[in-house]
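As structure tokens, the structure follows; a few thoughts come after it.
Computed from a prediction, not measured in an experiment: that's the story for all the values here. Each chain gets a letter, A, B and so on, in the order the sequences are listed, and its residues count up from 1.
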Amino acid sequence: MDRYDAQQIESKWQQVWADAHAFEVPNPAPGETDLRPKSYVLEQLPYPSGTLHMGHMLVYTIGDVVTRFRARNGLNVLHPQGFDSFGLPAENAALNAGGPPRETTERNIEHIKRSMRRAGWAYDWTRELSTHKPDYYRWQQWQFLRFFERGLAYRKGAPVKWCPNDQTVVANEQVQDGRCERCGAEVESRLMEQWFFRITDYAQALLDDLDTVDWPESIKARQRNWIGRSEGAEIMFRIEELGEDVPVFTTRPDTLHGATFFVLAPEHELVERIDSEEVRDYVRRTGAKKTAERAAAAEKTGVFTGLHAVNPVNGERLPVYVADYVLTDYGTGAIMAVPAHDQRDFDFAAAFELPVRQVVKPPEADVDESVAYVEHAEGEVLVNSAEFDGLPAPEGGRRIVEKLEAEGRGRFAINFRLRDWGFSRQRYWGSPIPIVYCDGCGIVPVQDEELPVLLPEVEDYRPKGRPPLAQVEEWVNVPCPRCGRPAERETETMDTFVDSSWYFLRYCDARNDEAPFDRTAVDYWNPVDLYIGGVDHATMHMIYARFWVKVLNDMGMLGFREPFARFYSNGWVTVGKVKMSKRAGNVVGPDHFIERYGADACRLNILFLGPANEDMEWTETSVEAMARFVRRLWRVVNEVAEQAPSGPPESGELARKAHRTIAKATDDIGRRYAFNTAISAVMELVNELSRDTGGRDARFAAETAVSVIQPYAPHVAEELWERLGHERLWEQPWPAADPALLEVDTVEVVVQVNGRIRDRLHVAPDTSDEELVALARRSEKVQAYLDGGEAARTVVVPGKLVNFVT
RNA sequence: GCCGGGGUGGCGGAACGGGUGAGACGCGCCUGCCUUAAAAGCAGGUGUCCCUUCGUGGGGCGUGCGGGUUCGAGUCCCGCCCCCGGCCCCA
């Protein structure tokens with residue numbers, strides 16, 4: 001027997017697969033139907049900002065196991081791969097490396113592709129895409145123009161989060177604890193003109209359709225959190241001195257009579273009309289505050305404006321304050337303050353000595369205005385609320401809104417936390433936005449025939465506050481597409497989340513140069529049957545992509561409403577319980593381990609560490625263990641190949657074990673996504689096989705072990721399959737377990753007396769209940785415990801136990 | 001605060017519609033074989049405590065804590081404790 005040589009075997013089979021175009025999956029030709037059901041298996045594509053790490057190893061191996069398993073189970077499987085190559089990570093990587101982003105990015109892509117091939121992942125590379133390539137972003141620009149025509153992409157001035165380090169606007173979602181998610185710098189608030197997608201139009205649909213997808217509950221919960229739907233009312237207050245109506249949103253219209261003051265956010269548009277040095281000073285100070293400071297402030301701050309707001313329900317004049325505990329980007333940026341029933345209002349009232357008036361009273365309690373009553377109790381009623389006194393609070397709230405509605409001063413309303421998606425970036429490395437600004441015509445879209453608007457090569461792409469593209473005069477200055485007079489191009493670029501909002505559609509028709517994709521192709525493959533990726537993309541990317549698909553569906557470009565029918569979220573790979581990440585500086589790459597132990601051992605290892613949807617601890621000893629297992633498999637199967645006779649199995653215990661292994665692995669991979677336990681099952685089989693490698697059953701067991709481990713360790717499986725006298729394992733049907741052979745010859749049946757085990761019987765699995773009881777009763781040990789008496793009740797679980805209850 | 005997910009040996013983890021003896025599989029550790037030696041490999045042992053005429057012997061306790069349902073609970077119910085993650089001046 002020759003020695004196991006991972007490198008030699010793996011490169012051999014990788015070459016065989018490439019030559020055979022083994023994983024290339026053409027779209028069905030027009031008019032033809034593939035009889036196999038389709039399956040679209042997709043993993044989130046990588047940012048080529050460096051090399052692969054163990055997190056990638058995990059996600060891509062999961063996808064690969066499922067792909068290979070499904071292909072052998074008669075499905076037509078699409079499994080493409082590409083690169084999310086635009087955006088800040090790639091650009092920052094280029095800045096660090098000191099070259100142009102295109103060069104570093106493309107170098108990284110080549111490196112990653114080599115690693116991916118070396119790992120043996122079965123991709124259809126004919127569909128490869130990179131989002132920084134003009135043939136990709138051309139169609140993104142095209143789709144942007146369709147969004148723009150429909151008013152779904154628009155420009156507005158808005159307070160935005162500005163990262164002083166990256167010198168760009170970042171999305172709210174990219175801010176963590178007041179810091180830039182990418183670089184960790186504290187973000188500032190600025191008012192800027194921005195491009196937005198009108199995702200809020202789809203808030204309700206995004207919420208409702210979560211019920212139609214098969215995702216982990218935790219991921220759905222995150223999206224629901226993010227969308228943040230709350231029901232309440234919008235109530236109109238008149239600012240007396242300005243003669244302006246200001247709406248407020250409240251979830252507690254029942255407490256309207258308890259409003260004792262009124263607060264505007266410092267950024268509220270009315271604030272600049274207030275002629276007060278004190279107010280201007282406060283707004284200035286607040287603006288200088290970092291978002292994080294503002295949220296963390298223990299003491300409520302604010303300033304009286306001299307204005308008054310009229311409460312529409314009772315005509316009371318409430319003093320108007322400006323205070324930064326009211327946020328400009330939630331609700332309407334103004335609130336009615338009810339200190340008796342809101343902790344924040346209560347704190348503010350305490351600091352500014354404002355009155356507190358309780359209007360909701362829990363049953364059997366006196367009115368107590370020394371604390372805020374914010375919880376809810378069954379049977380609470382309204383007090384101090386004029387004609388609504390005594391009504392249960394929920395009903396009272398309803399009646400109050402109805403009354404205001406009749407007067408045109410209020411209505412039931414639903415508010416979402418979700419904001420429109422600001423997607424323009426003041427950076428270089430992204431898709432240009434195909435827009436031209438003309439003094440005469442305003443915002444003018446670039447004509448479809450002019451696409452793509454190519455990203456020009458620039459000398460200096462470092463961010464300086466102004467978009468780097470603004471410095472490229474020969475690029476910026478163009479004639480207006482509408483009137484032909486001198487005009488200027490949009491110099492901001494698109495957020496990389498735009499790129500990843502539709503890449504899974506492009507894979508279906510990746511070489512189309514007449515449209516983003518053909519609807520037939522996209523409708524054939526989609527929705528993605530299994531989407532695999534990290535929880536970190538559960539909110540942003542996966543909400544944007546859902547939005548994108550809904551819009552395209554409304555445009556009639558595709559025939560489905562949800563992109564990802566099922567989502568599998570992989571856990572983190574940890575080192576000493578710390579997430580493996582660039583930031584933590586504990587990244588271990590697969591390349592070194594693949595070189596040392598082989599891709600098969602590494603693939604097995606990453607899935608054997610634990611359940612793939614939970615965090616798993618990386619240890620080097622476990623790779624060694626898997627390398628040991630592969631060598632053991634190699635030795636045992638080679639032995640069988642050399643000495644075991646061919647011929648139909650004899651259905652002995654070893655053959656039965658093989659059938660049980662098939663059954664377990666099929667269920668573990670196909671239904672449960674329990675990748676670790678399927679490996680254990682094969683290990684058990686190999687352990688048993690190693691004790692007896694000589695018979696026909698041994699040959700069958702060896703073939704089974706090789707066949708079942710193939711999705712995990714495809715190279716060594718293919719080599720051993722060949723040595724067992726067969727070929728092209730990757731195309732062989734997945735083995736089927738014979739139900740008749742799943743049972744062992746004899747089973748051990750436990751005999752209990754009152755739930756205590758007293759004896760064991762060894763019987764055939766199909767022994768009848770009556771027979772079991774008779775056998776059990778005959779046992780001396782049981783007799784002793786029954787003590788001559790009779791069982792009041794006898795419980796029989798066939799093949800498992802007999803329990804006498806006295 | 002609200003929401004989601006978890007607590008099982010020295011470690012990672014099994015036990016998948018309550019059905020035996022929990023702890024599969026692997027790591028680590030211990031003993032032995034092979035070897036001049038090492039590596040690799042092979043065989044066996046490994047929750048815990050007690051009794052033992054040491055026998056492939058007997059028994060108690062064990063799945064975060066306290067109750068409960070059941071002939072039978074890691075699994076179901078009630079009440080706690082702790083850990084991880086998400087959204088939070090969200091009006």
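Between A:Arg224 and B:G86 there is no side-chain polar atom (N or O) within less than 4.0 angstrom of OP1 or OP2. Checking the phosphate oxygens (OP1, OP2) of B:C88, a side-chain nitrogen or oxygen of A:Arg417 falls inside 4.0 Å. Side-chain N/O atoms of A:Arg672 include one lying less than 4.0 angstrom from OP1 or OP2 on B:A15. Considering only side-chain N and O atoms, A:Arg344 lies nowhere under 4.0 angstrom from the phosphate OP1 or OP2 of B:C88.
Among the candidates A:Asp342, A:Thr255, A:Val263, A:Val313, the single residue satisfying the side chain to side chain contact (heavy atoms under 4.5 Å, CB included) test with A:Met336 is A:Thr255.
What separates CG of A:Asn687 from C1' of B:G44 is a distance of 14 Å, to the nearest Å. In this structure, A:Trp634 places its CH2 atom 20 Å from C1' of B:C42, rounding to the nearest Å. Regarding A:Ile543, its CD1 atom lies at a distance of 15 Å from the P atom of B:G86, rounded to whole Å. The nearest whole Å value for the distance from the CZ atom in A:Phe629 to the P atom in B:A24 is 17 Å. Summarising the geometry, the separation between CZ on A:Phe249 and C1' on B:C90 is reported as 9 Å, rounded to the nearest angstrom. In this structure, CZ of A:Arg691 is placed 17 Å from P of B:G41, rounded to the nearest angstrom. If you measure from atom CE of A:Met626 to atom P of B:G28, you get 11 Å, rounded to the nearest angstrom. Residue A:Asn605 contributes atom CG, which lies 10 Å from atom C1' of B:G26 at whole-angstrom precision.
Between A:Phe237 and A:Phe262, the angle of the ring planes lies from 30° to 60°, which puts this pair in the tilted group. Below 30°, between 30° and 60°, or above 60°: for A:Tyr568 and A:Phe675 the angle between ring planes is above 60°, a perpendicular geometry.
For A:Thr621, whose side chain is taken as the heavy atoms from C-beta onward, the closest listed nucleotide among B:C87, B:C71, B:G28 is B:G28. Here the side chain of A:Arg632 is nearest to one of B:G19, B:C42, B:C88, namely B:C42. Which of B:C27, B:G19, B:A91 sits closest to the side chain of A:Leu327 comes down to B:A91. Minimum atom distance to the side chain of A:Glu684 is reached by B:A24, of the listed B:C16, B:G13, B:A24. Candidate nucleotides B:C89, B:C87, B:C25 were compared by shortest atom distance to the side chain of A:Trp226, and B:C87 ranks first. Comparing B:A40, B:A14, B:A91 by their closest approach to the side chain of A:Thr250 singles out B:A91. The nucleotide whose nearest atom lies closest to any side-chain atom of A:Ser680 is, among B:C71, B:C25, B:C89, B:C25. Here B:G26 is the nucleotide among B:G19, B:G26, B:C27 with the atom lying nearest to any side-chain atom of A:Phe608. In this structure, the nucleotide among B:A15, B:C27, B:C42 sitting nearest to the side chain of A:Thr677 is B:A15.
Contacts of A:Leu609 with the nucleic acid, taken as non-hydrogen atoms under 4.0 Å apart, involve only primed sugar atoms and P, OP1 or OP2. Residue contacts for A:Ser622: at a heavy-atom cut-off of 4.0 Å it reaches no nucleic acid atom on any strand shown. Using a 4.0 Å heavy-atom distance criterion, A:Pro216 is classed as making no nucleic acid contact. A:Asp345 comes within 4.0 angstrom of nothing in the nucleic acid, heavy atoms only. No engagement by A:Asp668 is indicated, since no non-hydrogen atom pair under 4.0 Å with the nucleic acid exists. Across all strands shown, A:Asn415 has no heavy atoms under 4.0 Å from either base or sugar-phosphate atoms.
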Protein proximity profile, nucleotides 1-10 of chain B - base contact B, sugar-phosphate-only contact S, no contact -, cut-off 4.0 Å on heavy atoms: --SS------
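Nearest approach of A:Leu685 to A:Ala701, heavy atoms of both residues: CD2-O, 3.7 Å. Shown here for A:Tyr282 and A:Val322, the closest heavy-atom pair between the two residues is CE2-O, 3.6 Å. Residues A:Asp329 and A:Arg419 come closest through the heavy atom pair O-NH1, 2.6 Å. Minimum heavy-atom separation, A:Ala349 to A:Phe261: CB-CE2, 4.0 Å. Here the closest heavy-atom approach between residue A:His341 and residue A:Tyr373 is recorded as ND1-O, 2.8 Å.
In B:G9 the O4'-C1'-N dihedral to the base is within 90° of 0, which defines a syn nucleotide. With its glycosidic angle more than 90° from 0, B:G23 is assigned anti.
Side chains of A:Thr301 and A:Tyr321: no donor on one and acceptor on the other come within 3.5 Å. Using a 3.5 Å distance cut-off with no hydrogens or angles, the side chains of A:Ser680 and A:Thr677 do not pair a donor with an acceptor.
Remark: the separation of the P atoms in B:A15 and B:G23 is 13 Å, to the nearest Å. For the P atoms, the distance linking B:G1 with B:G60 amounts to 45 Å, nearest Å. Nucleotides B:U53 and B:G41 have their P atoms positioned 41 Å apart, rounded to a whole Å. Using atom C1' as the reference point in both B:C11 and B:G47, the two lie 14 Å apart (nearest Å). B:U75 and B:G68 have their P atoms separated by 14 Å, with the value rounded to a whole Å. For the C1' atom pair drawn from B:C65 and B:G17, the interatomic distance equals 28 Å after rounding to whole Å. The same atom, C1', is picked in B:C61 and in B:C3; the two are 39 Å apart, to the nearest Å.
Atom-to-atom distance recorded for A:Leu58:CG and A:Ile606:CD1 is 5.5 Å, nearest 0.5 angstrom. A:Thr794 contributes atom OG1, which lies 11.5 Å from atom CG of A:Leu772 (distance to the nearest 0.5 angstrom).
A stem is defined here as three or more consecutive Watson-Crick or G-U pairs, each with both distances under 3.5 Å; for RNA chain B these stems are B:1-7 with B:81-87, B:10-12 with B:25-27, B:28-33 with B:41-46, B:47-51 with B:57-61, B:64-68 with B:76-80.
Ion pairing of A:Asp345 with A:Arg357 is absent here, as no side-chain N (NZ or NE/NH1/NH2) approaches a carboxylate O to less than 4.0 Å.
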